[in-house]
Protein chains: 4
Amino acid sequence: MNTVTQPDRRIRKTRKALRLALQHLLLDKPFEQITIRDISNEADIAYTTFFRHYPDKEALLSDLADDEISALLDLTLPMFSTESSHASTLTMCEHVHENERLWRALLAGGAAGNIRQLFVSQVEMRFDQWPTVMEWLPPEISATIMCGVTLDVLTWWLGKAPDKTAEEIAGILDRFFALTAS
Amino acid sequence: MNTVTQPDRRIRKTRKALRLALQHLLLDKPFEQITIRDISNEADIAYTTFFRHYPDKEALLSDLADDEISALLDLTLPMFSTESSHASTLTMCEHVHENERLWRALLAGGAAGNIRQLFVSQVEMRFDQWPTVMEWLPPEISATIMCGVTLDVLTWWLGKAPDKTAEEIAGILDRFFALTAS
Amino acid sequence: MNTVTQPDRRIRKTRKALRLALQHLLLDKPFEQITIRDISNEADIAYTTFFRHYPDKEALLSDLADDEISALLDLTLPMFSTESSHASTLTMCEHVHENERLWRALLAGGAAGNIRQLFVSQVEMRFDQWPTVMEWLPPEISATIMCGVTLDVLTWWLGKAPDKTAEEIAGILDRFFALTAS
Amino acid sequence: MNTVTQPDRRIRKTRKALRLALQHLLLDKPFEQITIRDISNEADIAYTTFFRHYPDKEALLSDLADDEISALLDLTLPMFSTESSHASTLTMCEHVHENERLWRALLAGGAAGNIRQLFVSQVEMRFDQWPTVMEWLPPEISATIMCGVTLDVLTWWLGKAPDKTAEEIAGILDRFFALTAS
DNA sequence: CTCTAATCGAGACGGTACGTCGCGTCTTACG
DNA sequence: CGTAAGACGCGACGTACCGTCTCGATTAGAG
């Protein structure tokens, strides 16, 4: 057997409850205004138990966001190479639209900076799946810029143009990617 | 006379001291870790006096950042129209390089989100000076994206590629702007 | 003027409230079971304000006990020299009896050790008023022993023989002092 | 058979380990600062196991102190009646001196109150061995006072006059007992 | 050149959240 | 299948910072 021993079932349960609790609370108020007590109340675990799992609420957010970003990228990045850029961006926009409130929360508050970092990191870790970019663009920065633009557009969509359809947004992103790939 | 009456000399002095103090402190630690007590100590004014001028430290940061962004845009945006895009971006990069530590502070910590907002706002207020963009790009978002990319590149420069010269960075930005203006 | 500047009136007021609050709470439950939150609630001051005045509840107890011990000794020690030993001990017992619940609290719980220390200290500070003792008794310990016996008797009275009158207890103490002064 | 069934040998072993552990730890820090985790670590038993034997650390201390007080009294009280008061007190002081650090620990910290109680209790249980006392002294209190003085003197010895010899201390106690027996 | 009002220094205070520590119970995974 | 290992609930602690409040002391700038 080469599987790593799974942590105690109670631990997995508690962490899951915490992630869910944060996710719910994020629908109501920005991350900075959420206290650890809020989270533990919502998750129905003892306040002090929180610290047995995460050193602070940022760590919990990272955990949560990592999961969500993973899900998003797992869903869309593969299509980027195999199918078409459009299929990929459309799928992404649709997924974000379905989880609108969560993504709004992730991209809105002061935590947006962290999320960007996580997003870029994950993309860079899968960099072999990333399309070729323009020769004048240092490769180290291309992921940063692509992710940056993507998140900028998504943030703008969720925040200021919620009436646009996923197709429209995907179209914008698509054109952008086309520009750099020319 | 249509000039607004200048506030009391003491007021101007105090606010200036506060802005300077924050600027100095930002060289040492991220914005979130700076307390109002830190700022008032550094500025050598009474803690309570801070609140007579700003409701919270975010307000002070906005004040400071607004000034700095104004200075940057005053310097570069005009050249964009009158001279060349390259002259403009180069001037911008050089100015950022000269005030490197301040801009690093502005773009690094959790306050980066706020700074982005301010940057976009100011650019939009001067939108008549902004170049025409691609027809498929909704005009409301073009400033957001352009600013986003600009700040992404600057952040990357200051954070991860400090060895690049201002010319190189200006070149990258330049090419990007050219893409969208085609 | 040789008077030391009194602290801020608010400070004196707050400390007095805290002492009173502890005194009241001691009538209900032993010192160890009283929390700082109990005290600050009872005193109607903010929890954190407590720490601006005392590092912990032990310090507050010392303050309170010091006052009470002072009062007791001011009342009784002078009579020891000027009048008779009996007048002195009787006054002491009566005073303790009048403040029975407080003294019961001071002498009962785990804080009794501290109280003993304070009592001995104060007596030693007024040592010139202390009667001559037996030659075979090292002077450094005479106060300790006298105070010890006194407190032991008082503790026994309050705890196990509450029906005895102040006169009876004073008589016992009196005889004891007579023994050592012979 | 009228002997009470001895508990399981393992139980006796565990309890002994716990008592020893507490005894060792008391040499390092006062009782209040010792945690149950400290004790179980020192005793090399599981934390949870502690509670199978004692409800809290106070109970363990009582157990330990009871043993030690028993040992002391078994050693000295018999001599009080059969031989001389001096032989008795001297033996007591010597025994305390030999177990100096333990007794210092028992008599120093906030636990001193408990120890006093235990001491008096045990003495009262052997009251038939106690010498006759003065007629004006209610018999119920004589043990309390005698024990009180004894412990006061011992505490003073260990804490503030460690240079005195056991003989000197025994002499003081001796004279005291003589006073009351006159 | 005063006089009046705004500004500032100082710091006690109420309050929120934090993160830590220790206790004692309860569960789980392992031998 | 019983037990150590340890997750957990709980409650108190002491800290850091916030923002409000009062009270004097100082100082600007208008008359």
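Values reported hereafter were calculated over all heavy atoms of this structure, with side chains retained and with hydrogens, waters and symmetry mates removed. Order of the sequence lines fixes the chain letters, A, B, ..., with proteins taken first and strands second; residue numbering starts at 1 for each chain.
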Next item on the list: Using atom CZ of B/R9 as one end and atom C1' of F/dG29 as the other, report the distance to the nearest whole Å.
Entry: 9 Å
Notebook entry, point to check: In whole angstroms, how far is the C1' atom of E/dT27 from the NZ atom of A/K13?
Noted result: 11 Å
Notebook entry, point to check: For C/I11 and E/dA10, what is the distance between atoms CD1 and C1' respectively, to the nearest whole Å?
Noted result: 12 Å
Atom pairs under 3.5 Å, N or O on each side, protein against nucleotides 15-25 of chain F: can you list them with distances?
{"residue": "F/dC18", "atom": "OP1", "partner": "B/I36", "partner atom": "N", "Å": "3.3"}
{"residue": "F/dC18", "atom": "OP2", "partner": "B/I36", "partner atom": "N", "Å": "3.3"}
{"residue": "F/dG19", "atom": "N7", "partner": "B/Y47", "partner atom": "OH", "Å": "2.9"}

Checklist line | Atom-pair distance (CG on A/N41; C1' on E/dA17), nearest Å | finding: 13 Å
Check: F/dC8 C1' sits how many Å from A/R15 CZ, rounded?
Finding: 13 Å
Note to self: Any donor-acceptor pair under 3.5 Å linking the side-chain atoms of C/E58 with those of C/N114?
What the structure shows: no
Check: Expressed in angstrom and rounded to an integer, what is the separation of C/Y54 atom OH from F/dG14 atom C1'?
Finding: 18 Å
Item checked: OP1 or OP2 of E/dC8 under 4.0 Å from side-chain N/O of B/H53 -> yes
Checklist line | Nearest atoms (heavy-atom pairs only) where D/F50 meets D/I45 | finding: N-CD1, 3.9 Å
Residues 20-33 of chain B, side-chain donor-acceptor partners within the protein, below 3.5 Å, at least two apart:
{"residue": "B/K29", "atom": "NZ", "partner": "B/D38", "partner atom": "OD2", "Å": "3.1"}
{"residue": "B/E32", "atom": "OE2", "partner": "B/G110", "partner atom": "N", "Å": "2.8"}

Checklist line | Whole-Å gap separating P (E/dA10) and CD1 (B/I45) | finding: 11 Å
Item checked: C/T14 or B/T49, whichever maps to the more 5' nucleotide of DNA chain E -> B/T49
Note to self: Tell me if a side-chain donor or acceptor on D/D66 pairs with a main-chain N or O of D/I69 at a distance below 3.5 Å.
What the structure shows: no
Margin query: Regarding D/D63 and D/R15, does a basic nitrogen lie under 4.0 Å from an acidic carboxylate oxygen?
Written below: no
Check: Is the backbone N or O of D/L158 less than 3.5 Å from a side-chain atom of D/R104, with the two atoms forming a donor-acceptor pair by type?
Finding: yes
Next item on the list: Would you kindly give the CZ-to-P distance between A/R12 and E/dT28, to the nearest whole Å?
Entry: 11 Å
